[in-house]
Amino acid sequence: MEPIKIYPTRNTPAVLLDPSKGVFKLFGRSSPENSIQFYEPLRSTLSSEIVSDRLDVRIKMEYFNTSSSKCIYDLLKEIKSLEVKGKEVIVRWYYDEDDEDMLEAGEDYSDLLDMNFRFIEYHPNEQPNRKSA
């Protein structure tokens, strides 16, 4: 399967989902008019197309609305099911040093799904550290 690449807009995040390499990245803002329509192809691909033994998930959201929150939860449930099936799953949840709400959102997802997340604080005005990204 070809990777799914979606460039960010004002209302939708950047996405890279490469089933053959086991990579899933979700970065930016999420408040699309129809969250289900935006996220369903990603959920469907996660549930049926991941062929790698390992899935590297990186989520760095600046903002997401309520309907996006539910869709992100559904994506993470699919990822959890891959872990239950024996795939190695690493979830990195990035949050702005000043955004406690985003940190708490990641902690809530981690707790609700009983998944280990790596929480990575970043400073918006600094260049990312290539080793931790």
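A quick note: this is a predicted structure, and the numbers were derived from the prediction, not measured. For this chain, numbers begin at 1 and follow the sequence in order.
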When you measure from the side chain of [X] to the backbone of [Y], do you find a donor-acceptor pair of N or O atoms at a distance under 3.5 Å?
X	Y	value
Ser110	Gly106	no
Ser48	Ser44	yes
Ser68	Ser30	yes
Lys77	Leu113	no
Lys87	Leu55	no

For [X] against [Y], the heavy-atom pair lying closest together:
X	Y	result
Glu97	His123	OE1-ND1, 2.6 Å
Tyr7	Thr12	O-OG1, 4.4 Å
Val51	Ser20	CG2-CA, 3.6 Å
Pro13	Met61	CB-CE, 4.1 Å
Glu78	Ser47	OE1-CB, 3.0 Å
Leu42	Leu17	O-CD2, 3.9 Å

Fill in: Residues Arg92 and Asp56 bridged, charged N to O under 4.0 Å
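Between Asp56 and Arg92 there is a salt bridge, with a charged N closer than 4.0 Å to a carboxylate O.
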
Discussion item. Taking CD1 in Ile36 as the centre, count heavy atoms belonging to other residues, nucleotides or ligands within less than 6.0 Å. Is the count above 12?
Written reply: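 Open.
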
Worksheet item: Which residues satisfy the ring pair (Phe, Tyr, Trp, His ring centres under 6.0 Å) test with Tyr109, sequence neighbours excluded?
Response: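 For Tyr109 the ring pair (Phe, Tyr, Trp, His ring centres under 6.0 Å) partners, ignoring immediate neighbours, are Trp93.
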
